Every structure is written in structure tokens, then in C-alpha cells.
2 protein chains.
Amino acid sequence: MKIDFDGIQAFVVIAELGGFSKAAEHLHVTQTALTRRLQKLEAYLGLRLLDRTTRYVELTVVGREFLPQAQTIVGDVTRAVSRLKDVSSRSRGNFTLACIPTMASQMLPKAMRRYAETHPGNRIRIIDASGFEVRDAVLHGQAELGIGLPTESHVELEETLLLEEPYMFFCREEHPLSRKKQIVWSDLHEAELIGISTMSANRIFLDYQLAKRGIKLSGTYEVRHLSTAIGLVAAGVGVAILPNSTLEEGARPGLCRIPLTSPTIKRKIVILRKRNSTLSPAASAFFDLVLDQAGSS
Amino acid sequence: MKIDFDGIQAFVVIAELGGFSKAAEHLHVTQTALTRRLQKLEAYLGLRLLDRTTRYVELTVVGREFLPQAQTIVGDVTRAVSRLKDVSSRSRGNFTLACIPTMASQMLPKAMRRYAETHPGNRIRIIDASGFEVRDAVLHGQAELGIGLPTESHVELEETLLLEEPYMFFCREEHPLSRKKQIVWSDLHEAELIGISTMSANRIFLDYQLAKRGIKLSGTYEVRHLSTAIGLVAAGVGVAILPNSTLEEGARPGLCRIPLTSPTIKRKIVILRKRNSTLSPAASAFFDLVLDQAGSS
DNA sequence: CACCACTTATGCGAGTATAGAATCAATTCT
DNA sequence: AGAATTGATTCTATACTCGCATAAGTGGTG
């Protein structure tokens with residue numbers, strides 16, 4: 001059963017404009033084409049939809065009954081299709097992004113500002129979650145894109161490096177180590193370290209890197225979120241080793257940020273997407289934008 | 001903007017069945033054709049609707065969003081079209097018929113019974129009205145067909161003769177004229193005649209026919225409907241000259257029906273339709289049936 | 001009544017599109 | 001590694017649709 005949409009559209013336009021020639025002009029085809037399309041449709045259906053002489057065009061009884069249906073059909077189709085073309089050509093549409101909290105307050109705002117300029121009206125739904133959750137959200141399709149940490153490589157995931165940032169030492173100004181220009185890991189033996197929960201991707205990564213170099217850290221306290229850790233440091237509870245971007249420059253007076261060397265350990269931030277899956281144009285545009293931003297910094 | 005319905009249908013079926021080959025079988029085309037239809041649609045839209053490898057076929061984000069719309073579109077169209085094909089091939093559907101009351105109780109029942117046998121499920125809406133109203137109903141499109149009296153010929157109306165019936169004399173058995181085998185018009189001079197309203201098409205026709213022959217009738221009473229006239233005759237109020245079919249044979253014991261001759265005047269019953277307008281298949285089938293019934297009687 | 005203005009229908013030629021057969025290529029299962 | 005499955009591609013033949021030019025039908029007009 002091969003359905004003739006052109007014929008239905010021809011019928012609707014001819015009926016609405018009351019003539020083949022007018023309809024032809026409106027559809028940017030010749031009158032000949034319309035005559036034939038309607039003839040073909042009528043032949044296919046086996047009934048007449050329009051009674052026409054060279055003087056009048058008017059609906060038959062069946063045509064009058066069919067017209068409203070035909071109108072909604074044509075309307076629905078053209079509306080749906082033109083919406084899709086809009087989605088395609090101008091990257092219109094919304095999408096969902098999963099992102100770890102530090103990056104949500106660090107890198108995302110700038111990217112979102114730029115995106116809003118080039119794609120006004122598009123909304124980004126943000127899932128801020130832990131590194132693992134970001135990974136799962138992308139994997140299971142809850143989010144088209146994810147910003148997080150590198151994971152054990154998964155066949156269905158594609159990671160693209162956005163940036164690397166060093167781990168830094170954070171303490172209050174009153175702390176004995178606060179004067180040093182830089183700190184080595186062995187300085188930390190007896191510090192009151194505020195660690196991150198061993199369940200976090202961050203912590204696992206850090207432990208792994210340190211273990212490779214024979215370093216072992218034992219924290220006095222343990223929290224789940226980097227922002228909590230910063231809070232505790234500020235409150236004088238202890239010191240912490242955290243990614244540089246945990247704290248914006250100058251955000252908290254009284255806190256010191258000191259480079260950690262020998263070795264300098266950096267964590268990678270990647271953008272995640274499912275392999276072999278096509279991004280929506282809206283998400284794709286964002287992806288390109290973030291890569292561009294990362295490359296130019 | 002040329003819209004590719006086949007492509008949309010291909011998309012829906014492939015998405016629903018989860019594979020090109022299965023979908024191809026379902027649509028009775030080759031897998032090649034479907035691959036191309038979808039490619040063409042995607043190229044036209046400028047975006048990918050299905051991510052496919054040789055192993056999996058799955059929706060993209062955009063495709064998932066579009067699928068429900070596409071499904072309703074395809075559903076609506078195929079439903080509407082197949083309904084129309086049904087209307088065409090099996091004359092399914094309802095129509096409206098205008099009919100004068102005598103014929104509605106006389107000739108129509110048989111026609112409707114036969115129609116119901118060949119077209120079960122079809123409904124006929126009947127407008128029972130005067131001869132003039134029947135004509136107007138057809139002319140203005142309230143009814144596709146009309147059964148009534150011949151009118152002054154109108155360019156837009158086409159009349160086909162169904163039957164002719166003589167005017168008869170009706171009286172009670174006690175009436176002095178009831179013994180006669182036939183009655184001539186001059187017998188009626190002093191009868192108490194129950195006439196039909198001068199506004200009715202029936203009366204106008206009868207007066208015209210009689211006037212041509214120099215006969216003039218003066219009624220004592222005047223009513224609007226033939227059935228009322230019969231009632232009055234039965235009640236002994238008077239006698240009446242009415243078309244033969246006003247009373248079914250043997251319907252009212254005690255009433256006599258006597259032929260009127262010198263001359264015998266007959267009224268014609270015609271079926272009316274608008275000229276140059278196409279009947280719906282349902283109405284057309286009824287039209288043929290009625291003509292056939294008239295021809296064979 | 002012939003002619004005119006206007007509208008739809010048709011014959012014809014050409015360019016395009018679409019379908020199918022065979023084959024290829026990628027992927028998974030054994 | 002090989003077989004089996006499945007979507008993509010190439011090639012070719014057919015069918016389709018379009019547009020041009022023109023015919024044919026219809027209502028109005030002198």
C-alpha cells in the first residue's frame with residue numbers, strides 16, 4: 001500500500017484555494033502537475049473528490065467529508081517535518097548534560113554563556129553528579145553528554161580530553177606550611193589531612209597515582225564532596241589535597257593554595273559521549289563549543 | 001517543500017520492528033529500498049534518525065523524539081486512506097435522501113430493505129418533506145438524492161422518471177358512487193371534495209392537468225397532507241381524489257378506491273440529483289437500485 | 001450564434017527517481 | 001578462523017513525474 005502524500009496535499013490546497021491554477025502557484029508547480037496528482041489520487045482511491053469543470057471546482061460529498069482529515073494530515077506532517085528541519089539546520093532543541101560539581105561551577109558557566117549566545121532558546125538540563133554517576137548517565141542515555149573523569153575504558157563510551165589540572169595543597173594562612181612556595185608529598189606525613197571518600201572517582205584516581213610512586217596518604221577525616229572539604233579547611237579543621245579548580249581564585253580569603261610537586265599529579269577532565277551514537281544537533285553544537293574552548297585555553 | 005511520506009513510514013516501521021530486513025518484509029519491499037528511503041529522508045532532514053550497525057538498529061535522540069509524532073502521522077494517514085478505499089470499493093458510508101411522504105411509506109421500504117441486504121451497515125438519513133422541500137434539499141446539498149415530483153426544469157437538477165401513478169377516487173363504502181367500476185370527472189360536481197392545500201406541488205400539478213382539459217374542481221375542505229385527507233374520508237367527512245399510492249392496498253377496510261377516467265390523470269414520481277455532481281458511492285448504489293426496481297415493475 | 005477569456009485536461013518527450021539483484025562489508029557467534 | 005546475519009553499495013532497468021505546448025470545455029458578450 002503505497003500512499004500518495006503529494007496527492008492529498010494537492011487535494012487540500014486545490015480545495016482550499018478553489019482552483020488548480022491558484023493551487024499550482026501556491027505550491028510552486030505547474031497546473032499540469034496538480035491535475036495529474038489529483039487524478040492519480042482519485043484513481044488510487046477509486047472515487048472522485050472534486051467535481052470540476054473549466055469553470056468551477058467544488059467538493060464532492062466524499063471530498064467534503066475527507067477534507068478536514070486531509071487538512072489535519074497535511075498540517076501535522078508539514079509541521080513535524082519543518083520542525084525537524086529546524087532542529088537540524090539551526091541546532092534547535094534541548095539536551096541533557098551530566099557534569100561533576102566542580103566543573104559545573106568552574107568550566108560550565110562560561111561554556112553555557114557562549115552557547116546561549118549562539119543558540120538562544122535552547123535549554124540545557126544539567127545533572128550534577130559524581131564521576132561515576134556522570135558516566136552511568138551517559139551510558140544509559142539519561143544524558144547525551146557528560147563532563148567528568150576518565151573511566152576504565154568502556155567500549156560504548158568515547159572520552160575526549162578537555163583539560164588537566166594539578167592537585168594542590170590547601171590550608172589556612174596560619175598553617176605552618178602556608179609559607180612554602182611549593183610542597184612535596186613527603187611534607188604531608190603528619191598533616192591532618194581531610195580526605196575524600198574512598199568511593200569517589202577522584203579519590204580512587206589519586207590513590208592509584210600515588211601508589212604507583214610508593215606514596216601512601218592517611219587522612220584523619222573523610223568527606224564526600226570537594227566543596228565540603230574546602231569548607232572544613234576554611235574552618236581550620238585540617239588541610240586538604242584537592243584539584244586546583246575546586247576553589248576559584250580568590251574566592252575564599254584566608255585560604256592558601258600551594259602547588260604540590262615531586263611529583264606533580266594532575267587529574268584529567270574529559271567530555272563523555274556514547275560511541276556510535278549520533279548526538280542531537282543541539283548537543284553536538286555544545287560538544288564542539290566545549291572542545292573549542294578547551295583547545296584554546 | 002516536497003515531503004517524503006514513504007521515508008517517514010520506513011522510519012516508523014524500521015524503528016518498531018528493530019531492523020531493516022524485518023521492516024522490508026512487512027512492507028513488501030526489499031531491504032535495499034528501505035535503506036534508501038531512510039537515507040533519503042535523513043538527507044532531506046539533515047539529521048540522523050537511526051543509529052545502525054550491521055548488528056543493532058537504535059533510535060538517535062532526535063529519532064526518539066520524532067518517533068511518536070511519526071507514528072501518529074503514519075497511523076492517521078493509512079487509516080484515512082484505507083477508509084476511503086473502503087468507501088469506494090464497497091460503497092460504505094451514509095447518505096441523505098429527501099422524499100415525499102407517500103413514497104416514503106410506499107416505495108421506499110422495499111428499496112431500503114434491498115439496500116440493507118447489499119450494503120449492511122450503511123445508514124440512510126431520510127428527510128421526509130413536501131415536493132418543494134425535496135427539490136430544495138437536493139438543490140442546496142442537504143440531500144444527495146430526492147424522490148419527488150417533476151419540477152420546472154432547473155439546470156442544476158437532473159430528474160429521472162421512476163414511476164407514474166393514476167389519481168384515484170376515494171370514498172366510503174356507503175357513498176353513492178362506491179358501486180361504480182369507474183368514475184369520470186363530471187360525476188364529481190356535487191361531491192363533498194376534500195382537497196389538498198393549494199400550496200402543495202401535488203395540487204398545483206393536478207389543477208394544471210385539469211385546467212388543460214377544462215375541468216375545474218372546488219373542494220369543500222382543504223388539508224395539507226394526503227394522509228390527513230385519507231383520514232377524513234375514512235371518518236365520513238367527504239371524498240377525495242388522491243394519488244393511488246396514498247393508501248396501500250387493503251390497508252383500510254371500509255374505504256373504496258375507484259379509477260378516475262376521462263381522462264385518466266397520472267402523476268409522475270422522479271428521482272432527483274444535482275447535475276454534474278458526483279454521488280457518493282453509497283448514494284450511487286442506492287440510485288442504481290431504485291432505478292432498477294422502477295424498471296422491473 | 002460566433003467569438004473571447006479563462007480554466008482544466010491531455011499528448012509527448014525528457015530527466016529523475018526508485019526498485020531489485022547481486023555483491024560487499026562489518027559484526028557476532030561457534 | 002569461519003559461518004551466518006544484516007545493513008550498505010553498485011549497477012541496471014523500469015517507472016514515474018514533470019513541464020511544455022496545446023486541446024477541449026464553459027460561461028459571458030457583442
Side-chain angles (χ1 to χ4, degrees), chain A residues 1-45 47-60 63 154-158 274-278, chain B residues 1-45 47-60 63 154-158 274-278:
Chain A
M1 190 207 287
K2 192 137 160 42
I3 280 167
D4 178 12
F5 180 81
D6 289 345
I8 297 176
Q9 189 190 39
F11 165 64
V12 169
V13 178
I14 294 169
E16 285 178 344
L17 299 185
F20 283 68
S21 302
K22 276 164 251 166
E25 191 184 350
H26 185 258
L27 291 175
H28 308 295
V29 292
T30 57
Q31 164 259 319
T32 310
L34 279 198
T35 296
R36 288 231 232 278
R37 283 186 190 173
L38 191 67
Q39 284 174 341
K40 184 173 164 244
L41 178 66
E42 288 182 333
Y44 172 71
L45 293 176
L47 38 80
R48 230 171 144 72
L49 295 173
L50 292 172
D51 276 325
R52 45 199 187 274
T53 68
T54 59
R55 216 63 196 175
Y56 300 112
V57 172
E58 60 184 12
L59 291 159
T60 63
H154 188 291
V155 273
E156 299 223 341
L157 280 182
E158 191 177 303
K274 261 175 101 172
R275 199 182 296 279
N276 297 329
S277 87
T278 306
Chain B
M1 191 207 286
K2 190 134 162 48
I3 280 166
D4 178 12
F5 181 82
D6 290 345
I8 297 176
Q9 189 190 37
F11 165 64
V12 169
V13 179
I14 295 168
E16 284 177 343
L17 299 184
F20 283 67
S21 303
K22 275 165 251 163
E25 190 183 352
H26 185 259
L27 291 176
H28 309 296
V29 292
T30 56
Q31 166 257 318
T32 311
L34 278 198
T35 297
R36 284 242 240 283
R37 285 186 190 174
L38 191 68
Q39 284 174 341
K40 184 171 161 245
L41 178 66
E42 289 181 335
Y44 172 71
L45 293 176
L47 38 81
R48 230 173 143 74
L49 295 173
L50 293 170
D51 276 324
R52 44 201 187 273
T53 70
T54 60
R55 215 60 199 175
Y56 300 113
V57 171
E58 58 185 14
L59 291 160
T60 62
H154 188 292
V155 275
E156 298 224 340
L157 279 182
E158 190 177 304
K274 261 175 101 172
R275 197 183 296 281
N276 298 328
S277 85
T278 307

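In the text below, chain A, chain B and the rest are named by the order of the sequence lines, each starting its count at 1. Note that the structure is a prediction, hence the values are computed from the model and not measured.
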| remark: Nearest heavy-atom contact between B:Ala15 and B:Leu59 is CB-CD2, 4.0 Å
| said: Is the phosphate of D:dT6 approached by B:Arg52 (side-chain N or O, under 4.0 Å from OP1 or OP2)? | reply: no
| Rounded to the Å, how far apart are B:Lys2 NZ and D:dT17 C1'? | 8 Å
| task | Tell me, please, the opening and closing nucleotides of DNA chain C, 5' to 3', among those with an atom under 4.0 angstrom from a non-hydrogen atom of chain B. | result | C:dT18 to C:dT28
| request: Check whether any side-chain heavy atom of A:Leu27 lies under 4.5 Å from a side-chain heavy atom of A:Gln9, and answer yes or no. | output: yes
| In whole Å, what is the span from the CD1 atom of B:Ile14 to the C1' atom of D:dT6? | 13 Å
| Quick one: on DNA chain C, does A:Thr35 or B:Lys40 contact a more 5' nucleotide (nearest heavy atom)? | A:Thr35
| said: D:dG19, OP1 or OP2 - any side-chain N/O from A:Thr32 closer than 4.0 Å? | reply: no
| said: Using only atom types and a distance under 3.5 Å, with no angle test, would you say the side chain of A:Glu42 pairs donor to acceptor with the backbone of A:Leu50? | reply: yes
| said: What is the separation between atom CZ on A:Arg37 and atom P on D:dT17, rounded to the nearest whole Å? | reply: 9 Å
| said: Please enumerate all residues that pass side-chain hydrogen bond (donor to acceptor under 3.5 Å, both in side chains) together with B:Glu16, with sequence neighbours excluded. | reply: B:Gln71
| Going by atom types only, do B:Asp51 and B:Thr60 share a side-chain donor-acceptor pair under 3.5 Å? | no
| request: Could you walk me through whether B:Glu25 and B:Leu17 pass the side chain to side chain contact (heavy atoms under 4.5 Å, CB included) test, one step at a time? | output: CA-CA 10 Å; B:Glu25 190 183 352; B:Leu17 299 184; over 6 Å; no
| remark: Assert: residue with more 5' nearest nucleotide on DNA chain D, out of B:Lys22 and B:Gln39, is B:Lys22
| Where do A:Lys274 and A:Ser277 come nearest, in terms of heavy atoms and distance? | O-OG, 3.3 Å
| Nearest non-hydrogen partners of B:Leu38 and B:Phe20, listed with the distance | CD2-CZ, 3.7 Å
Using nucleotides 26-30 of chain D, report all nitrogen or oxygen pairs with the protein that are shorter than 3.5 Å.
residue, atom, partner, partner atom, Å
D:dT26, O4', A:Thr54, OG1, 2.6

| task | Report the distance from atom CD of B:Gln31 to atom P of D:dT10, rounded to the nearest whole Å. | result | 14 Å
| Spacing between B:Phe20 atom CZ and D:dT9 atom C1', to the nearest angstrom | 13 Å
| Which is true for B:Ser21 with a 4.0 Å heavy-atom rule: it touches a base, it touches only sugar-phosphate, or it touches nothing? | sugar-phosphate
| field | Given A:Gln31, A:Arg37, A:Gln39, the one that forms side chain to side chain donor-acceptor pair (under 3.5 Å) with A:Thr35 | value | A:Gln31
| task | Classify the side chain of A:Arg36 and the base of D:dG19 as holding, or not holding, a donor-acceptor pair under 3.5 Å. | result | yes
| Expressed in angstrom and rounded to an integer, what is the separation of B:Leu34 atom CG from D:dT6 atom P? | 14 Å
